[in-house]
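Worksheet for the structure shown next.
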Amino acid sequence: MVQGLEDVMSNIRALRDKGQRAQKDALNKMGDTFENTLRENIPVGMQHGYEIHLAEDVKKGTPRMRQGILSLKVGQAGSASTGELPAWYAHFADTGSMKKAPTFFSEKSRDQSIPELKQDVIDQFKKELGS
């Protein structure tokens, strides 16, 4: 009886490890997908005499455990902007201002990515855990 219980526990541990690896792999794949979609939707051009380089500042982080939830950040790279304008300027291009109409590129990117992101998760877990 003890031998059987040890086998069950080792199988549970192996499945847990596979599941965690599948989560990280799925998050990385989803991050790549969303990063590419976001880059495609960011407007490029002149604004107030400056060339906008927001698409160049899109970065994907690494999966991290926060309060028991594995998460990944994708977005502007903070103040490490390579363009003339710092990355905090992105919200003006996204939600607009008094002088500029909004483009809502972040919402468009999210809405466009949802079906592909769902499929990425399904594919990754099927690959890792079996169908």
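Pairing each heavy atom of L27 with each of L72, the nearest pair is O-CD2, 3.3 Å. Considering every non-hydrogen atom in both V58 and R39, the closest pair reads O-NH2, 2.8 Å. Across all non-hydrogen atoms, the minimal contact from L38 to S106 is CD1-CA, 4.2 Å.
Scored by the side-chain hydrogen bond (donor to acceptor under 3.5 Å, both in side chains) test, T103 finds no partners at all (sequence neighbours excluded). Remark: Q124 engages no residue in a side-chain hydrogen bond (donor to acceptor under 3.5 Å, both in side chains) (not counting sequence neighbours). Residues that satisfy the salt bridge (charged side-chain N to carboxylate O under 4.0 Å, His left out) test with R21, not counting sequence neighbours, are E128. Remark: K60 pairs with D32 by the salt bridge (charged side-chain N to carboxylate O under 4.0 Å, His left out) rule, at least two apart or across chains.
Rounded to the nearest 0.5 Å, atoms NZ (K127) and NZ (K29) are 7.5 Å apart. I42 contributes atom CD1, which lies 12.0 Å from atom NZ of K108 (distance to the nearest 0.5 angstrom).
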Output side-chain donor-acceptor pairs under 3.5 Å for residues 110-122, partner residues at least two apart or in another chain, one line each.
{"from": "Q112", "atom 1": "OE1", "to": "N41", "atom 2": "ND2", "distance (Å)": "3.1"}
{"from": "S113", "atom 1": "OG", "to": "T37", "atom 2": "OG1", "distance (Å)": "3.3"}
{"from": "S113", "atom 1": "OG", "to": "S109", "atom 2": "O", "distance (Å)": "2.8"}
{"from": "Q119", "atom 1": "NE2", "to": "D123", "atom 2": "OD1", "distance (Å)": "2.8"}
{"from": "D120", "atom 1": "OD2", "to": "T33", "atom 2": "OG1", "distance (Å)": "2.9"}

